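Scroll down for the structure; my scribbles are underneath it.
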Protein chains: 2
Amino acid sequence: MRLTSKGRYAVTAMLDLAFHSQLKPVTLIDIAARQTISLSYLEQLFARLRRANLVKGVRGPGGGYSLCGDAHNISIAEIVAAVGERIDSTKCGGEANCQKTHECLTHDLWMDLGDHVKSYLEKITLADLLAKNRVQEVAERQDQHAQQTIEIHNHADLMHTLQ
Amino acid sequence: MRLTSKGRYAVTAMLDLAFHSQLKPVTLIDIAARQTISLSYLEQLFARLRRANLVKGVRGPGGGYSLCGDAHNISIAEIVAAVGERIDSTKCGGEANCQKTHECLTHDLWMDLGDHVKSYLEKITLADLLAKNRVQEVAERQDQHAQQTIEIHNHADLMHTLQ
DNA sequence: ACTTAACCCAGTAAGTTAGTCAACTATTAC
DNA sequence: GTAATAGTTGACTAACTTACTGGGTTAAGT
Ligand code: FES
Ligand code: FES
């Protein structure tokens, strides 16, 4: 098993998307600002999410990304799998061939653990997370903070053009 | 979360130890042969396991390692923790401070997942694994195969001394 | 035309993993 | 005592992955 920032970022970004893309697409620039994730790195992750048909991109002004389908139908397991994180803990990848042709001593243990985690993440959807109070609170705080930084950014731009 | 060969090897070796060290200590050389793990790498892992008081080493001929205490009291979670694998999936390590002073959007999700996996691995002991039929079968197959390779090894030694 | 923002590709610093090599110490057997 | 055994320690390394940067292209809106 290997669940790193890649998977964390992917789920975080998808949750941000679910929260903000009700009306119109959300730009990666906004997500990067709110969640403090590198824009270029987000692009890479969304390339995978798009290939997995979890999001769709719209180009040009007013464009951005929005969810493919309903938040109730997107599980955390799907997102994590889409960006290429292995939930499986085995060395053999389920082939039961660690020792030449035979399984190793602990093959079954890791298989069971993997199944366990997988089913846990499959049962949680974006909608489930979105319904939590804590998530709502954090998202709203982020919106306010992002609004401030945008104002600061615009102010800086203004000063720049005045020079 | 990050569960790699390090944790797999550690648990596999401990299980091998639980299976073979009923009467006398087991050498790392034997474990390395049976489980096809690099001897030097095993030494590093057992240094950590010893520091965590999970095994004790006996030097000299007839020496080797044996379990500290009963197999019923050693959980998989302890072994994995002893070699330094993080079961926790959060970025913050439970501090809830991904975003400067605040928690990130998905903090709770990763905390819950970590707790879930941790309690799963805490409930499984070496004795539990040892009781399984599959594990017994694999261990016996490994014993036979190791016996063969030892004979081949002795044969090679014999030929060598005759030259 | 010009701007916006998705899309695409190449590269890279830092860190981790899995492993090797070499030296040293304690214990037992002869 | 001395030789063999087996644990103990530390430094060092190739290969790989992660997280990230930069530069460029393409499609869409105004
Ligand atoms: S993990 Fe599947 S055979 Fe070892
Ligand atoms: S994972 Fe804990 S705050 Fe982000």
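Note on naming: letters A, B, ... go to the chains in the order of the sequence lines (proteins, then strands), and numbering restarts at 1 for each one. Treat the numbers as computed from the prediction; the structure is a model and nothing was measured.
Between A:I76 and A:Y120 there is no side-chain heavy-atom pair separated by less than 4.5 Å. Side-chain atoms of A:I31 and A:F46, non-hydrogen and from C-beta on, do get closer than 4.5 Å to each other.
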Protein-nucleotides 9-17 of chain C N/O pairs closer than 3.5 Å?
residue: C:dT17; atom: OP2; partner: B:K6; partner atom: NZ; Å: 3.4

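Side-chain atoms of B:E78 come within 3.5 Å of backbone N or O of B:S75 as a donor-acceptor pair.
Between B:N73 atom CG and B:T125 atom OG1 the span is 8.0 Å, to the nearest 0.5 Å.
Here D:dA6 presents its C1' atom at 14 Å from CG of B:L42, a figure rounded to the nearest Å. Atom CZ in A:R86 sits about 15 Å away from atom C1' in D:dC16, given to the nearest Å. Taking atom CZ on B:R48 and atom P on D:dG10, their separation rounds to 13 Å, with Å as the unit. The CG atom of B:L49 sits 11 Å away from the P atom of D:dT8 (whole-angstrom rounding). Nucleotide D:dT18 holds its C1' atom 12 Å from the NZ atom of B:K91, rounded to whole Å. The CD1 atom of B:I37 sits 13 Å away from the C1' atom of C:dG19 (whole-angstrom rounding). Distance B:L39 CG to D:dT9 P: 15 Å, rounded to the nearest Å. Put simply, CD1 on B:I29 is 14 Å from C1' on D:dT8, counting in whole angstrom units.
Using a 4.0 Å cut-off, no side-chain N or O of A:Y65 falls inside it from OP1 or OP2 of C:dA5. Distances shorter than 4.0 Å separate none of the side-chain N or O atoms of A:R59 from OP1 or OP2 on C:dT3. A close approach under 4.0 Å does occur between a side-chain nitrogen or oxygen of B:S38 and OP1 or OP2 of C:dT20.
Below 30°, between 30° and 60°, or above 60°: for A:Y9 and A:Y41 the angle between ring planes is above 60°, a perpendicular geometry.
Ion pairing between B:K132 and A:D108 fails under the 4.0 Å rule for side-chain N and carboxylate O.
When heavy atoms are screened at a 4.0 angstrom cut-off, B:Y9 is found touching the sugar-phosphate backbone but no base atom.
When each of D:dA6, C:dC8, C:dA6 is scored by its nearest atom to the side-chain atoms of A:R50, the top-ranked nucleotide is C:dC8.
Looking only at atom types and distance, the side chain of A:D143 has a donor-acceptor partner in the side chain of A:H20 under 3.5 Å away.
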